[in-house]
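Step one of this worksheet: look at the structure below.
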Amino acid sequence: MSYDDVEIEDMEWNNELQSYTYPCPCGDLFQITKEELKIGEEIARCPSCSLYITVIYNLEDFLGDSKKHVEPSKQQPVAVA
């Protein structure tokens, strides 16, 4: 069972860890990366204890960065020998 439910807006971006963080009662930080959020992960874990929190966020907010695919109408045929 999750220790708490925390809105992503209440978390802090940590450049050093490249993660969103939130204070853990043990004194360390709950952590979750942008990559984890992009794949739908919603659990931020504390590396120092067994606690974890559920992060409440909108998945679509994190998918915007990775829309680098070619649109179907602009795909080019590739010759295969």
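Source: prediction; values computed, not measured.
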Pair Cys26-Cys46, side-chain contact (heavy atoms from CB on, under 4.5 Å): steps then yes or no:
CA-CA 9 Å; Cys26 79; Cys46 176; 3.6 Å; yes
Please report the C-alpha distance between Val6 and Phe30 in whole Å, then the side-chain angles of each, then the deciding distance to 0.1 Å, and finally whether the side-chain contact (heavy atoms from CB on, under 4.5 Å) criterion is met.
CA-CA 11 Å; Val6 177; Phe30 294 107; over 6 Å; no
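Partners of Glu36 by side chain to side chain donor-acceptor pair (under 3.5 Å), not counting sequence neighbours, listed by chain and number: Thr33.
The closest donor-acceptor contact from the side chain of Thr54 to the backbone of Ser2 lies at 3.5 Å or more, if one exists at all. The backbone N or O of Gln31 lies less than 3.5 Å from no partner atom in the side chain of Thr21, so there is not a single donor-acceptor pair.
The CG atom of Asp28 lies 14.5 Å from the CZ atom of Arg45; values are rounded to the nearest 0.5 Å. To the nearest 0.5 Å, the span separating CG on Asn58 from CD on Glu9 amounts to 9.5 Å. Considering NZ of Lys34 and CD of Gln18, their distance stands at 7.5 Å, rounded to 0.5 Å.
The minimum heavy-atom distance linking Ile43 with Ile32 is given by the pair O-CD1, 3.5 Å. The two atoms that bring Leu29 and Pro47 nearest to each other are O-CD, 3.2 Å, heavy atoms only. Of all heavy-atom pairs between Leu59 and Leu37, the closest is CD1-O, 3.1 Å.
Applying the ring pair (Phe, Tyr, Trp, His ring centres under 6.0 Å) rule to pairs touching residues 33-57 yields Tyr57-Phe62, sequence neighbours excluded.
Hydrophobic cluster membership for Met1: none, as no Ile, Leu, Val, Met, Phe, Trp or Tyr side chain comes under 4.5 Å of it.
Linking Ile, Leu, Val, Met, Phe, Trp and Tyr residues whenever their side-chain heavy atoms come within less than 4.5 Å places Leu63 and Tyr20 in a single cluster. Linking ILVMFWY side-chain heavy atoms closer than 4.5 Å, directly or via other members, places Met11 and Leu17 in two distinct hydrophobic clusters.
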